[in-house]
Structures are given as C-alpha cells and as structure tokens.
Amino acid sequence: QVQLVESGGGSVQAGGSLRLSCAASGYTTRSYAMGWFRQAPGKEREGVAVIYTGGGSPYYADSVKGRFTISQDNAKNTLYLQMNSLKPEDTAMYYCAADPFVPSWSTPTRADFGYWGQGTQVTVSS
C-alpha cells in the first residue's frame with residue numbers, strides 16, 4: 001500500500017526558507033515519478049515541482065524557478081522540497097504526490113498522480 005507522509009511545513013517571514021519532506025512507503029521512489037503540489041484557499045491545486053522516472057530535468061512552475069529545489073533520497077525513500085526566498089504568495093497547503101507514470105512532455109496536473117499525502121501547511125508572512 002502506497003503511503004506518503006509530508007512534514008516540514010510552518011510559518012516563516014518573507015525571504016525565509018523551509019524544507020519539506022515526504023516519506024514514502026509501499027514502493028521504491030526510484031520507480032515512481034514524485035512531485036509537490038500546492039493549493040491556496042479558493043484556488044486550484046497546482047504543480048510546483050516534479051521528478052520524473054528515468055532521469056531528465058525536473059519540472060518547476062515558473063513562479064518557483066530559481067527559488068525551490070526538488071530532490072529525492074532513494075536510500076531513504078524520501079522526497080524533499082527546499083524552498084528559499086519565500087514570498088507571501090507561496091502560502092498554501094503543500095502536497096506530496098506519486099505515480100508510476102507521469103508524462104514529462106506536458107505540465108503536470110493533479111490528474112496525473114494517483115497517490116497523495118495529507119499535506120503540510122506553509123504560511124509566509126510579509
């Protein structure tokens with residue numbers, strides 16, 4: 001049974017940093033595409049960053065390029081999201097997602113991922 005558990009959210013001031021973690025179980029992370037999504041109140045869930053199976057460049061949303069870095073430790077079956085230079089507009093619930101196949105030629109969407117964590121809240125104050 002695939003399980004994803006996020007941690008590392010919190011409240012920070014603008015310009016600060018946070019590192020989110022997603023502990024995966026029930027499968028090996030190297031065999032699944034994994035990503036981070038976020039959802040702010042009243043908005044749709046949007047893809048933030050994705051690591052695809054088979055290597056290749058990760059996907060980053062334009063709004064986080066140069067500030068966020070996605071990585072994974074396959075030995076620990078854990079996905080990370082390092083978030084630097086945080087802005088108030090980064091405030092959202094952040095979700096970890098996984099799926100054995102996610103196309104790398106299109107913008108990742110919620111429908112591409114079959115497994116989700118419960119989310120961790122990130123709040124950035126100005």
Side-chain angles (χ1 to χ4, degrees):
Q1 182 178 357
V2 174
Q3 286 192 320
L4 302 170
V5 179
E6 304 96 333
S7 62
S11 298
V12 296
Q13 290 191 326
S17 298
L18 283 173
R19 188 176 82 154
L20 306 183
S21 299
C22 172
S25 60
Y27 71 101
T28 54
T29 53
R30 64 170 58 87
S31 63
Y32 276 48
M34 297 189 71
W36 292 96
F37 283 69
R38 68 185 180 186
Q39 188 166 17
K43 295 188 176 181
E44 292 188 359
R45 192 169 298 187
E46 64 170 349
V48 174
V50 173
I51 289 182
Y52 299 99
T53 55
S57 299
Y59 163 87
Y60 290 100
D62 288 342
S63 57
V64 306
K65 283 180 181 176
R67 300 189 298 122
F68 291 11
T69 302
I70 189 172
S71 62
Q72 64 184 40
D73 185 333
N74 291 326
K76 296 182 178 179
N77 245 27
T78 301
L79 181 74
Y80 302 99
L81 185 68
Q82 178 66 44
M83 305 186 295
N84 299 328
S85 302
L86 282 161
K87 304 176 181 180
E89 50 264 43
D90 294 318
T91 295
M93 184 71 79
Y94 283 70
Y95 297 91
C96 175
D99 200 272
F101 178 75
V102 176
S104 60
W105 53 84
S106 60
T107 301
T109 68
R110 184 174 183 171
D112 291 325
F113 289 83
Y115 300 97
W116 294 87
Q118 293 300 307
T120 185
Q121 178 67 37
V122 171
T123 302
V124 184
S125 58
S126 58

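If you're wondering where the values come from, they're calculated on a predicted model, not measured in any experiment. No hydrogens, no waters, no symmetry mates; every other heavy atom, side chains included, goes into these values.
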So how far is it from [X] [atom1] to [Y] [atom2], rounded to the nearest 0.5 Å?
X	Y	atom1	atom2	value
R38	E89	CZ	CD	8.0 Å
L79	S71	CG	OG	7.0 Å
Q13	T123	CD	OG1	13.0 Å
M34	Y115	CE	OH	12.5 Å

Closest approach of [X] and [Y], non-hydrogen atoms and distance?
X	Y	answer
S17	Q82	CB-NE2, 4.0 Å
S125	P88	C-CG, 4.5 Å
L18	L86	N-CD1, 3.9 Å
T53	A33	CG2-N, 3.3 Å
P58	I70	CB-CG2, 3.8 Å

For residues 3-12, which side-chain N or O atoms pair as donor and acceptor with protein atoms under 3.5 Å away, sequence neighbours left out?
unit_1, atom_1, unit_2, atom_2, d
E6, OE1, Q118, N, 3.0
E6, OE1, G119, N, 2.9
E6, OE2, C96, N, 2.8
E6, OE2, G119, N, 3.2

D99 side chain to V102 main-chain N or O, any donor-acceptor pair under 3.5 Å?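 Not confirmed, D99 side chain does not pair with V102 backbone.
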
Answer yes or no: is there a donor N or O on one side and an acceptor on the other, between the side chain of T120 and the main chain of Y94, under 3.5 Å?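 Checked: no pair found.
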
Show me the pairs that pass ring pair (Phe, Tyr, Trp, His ring centres under 6.0 Å) and involve residues 29-59, at least two apart or across chains.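 As it turns out, the ring pair (Phe, Tyr, Trp, His ring centres under 6.0 Å) pairs with a partner in residues 29-59, which skip direct neighbours, are Y27-Y32, F37-F113, F37-W116.
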
Establish whether V124 and L81 are linked, either directly or via other cluster members, by ILVMFWY side-chain heavy-atom contacts under 4.5 Å.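 Same hydrophobic cluster.
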
Would you mind reporting whether S25 and N77 have side-chain heavy atoms less than 4.5 Å apart? no

4.5 Å side-chain heavy-atom contact, Q121 and T91: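 Q121 vs T91: side chains touch.
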
Under 4.0 Å between a Lys/Arg side-chain N and an Asp/Glu carboxylate O for K87 and D90?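 Salt bridge flag = no for D90 with K87.
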
From E46, E44, Q39, residue fulfilling side-chain contact (heavy atoms from CB on, under 4.5 Å) relative to R110: Q39

Passes side chain to side chain contact (heavy atoms under 4.5 Å, CB included), L20 versus V122? Steps please. CA-CA 9 Å; L20 306 183; V122 171; 4.0 Å; yes

Which other residues belong to the hydrophobic cluster containing F101, where Ile, Leu, Val, Met, Phe, Trp and Tyr are joined when side-chain heavy atoms lie under 4.5 Å apart, directly or via other members? W105

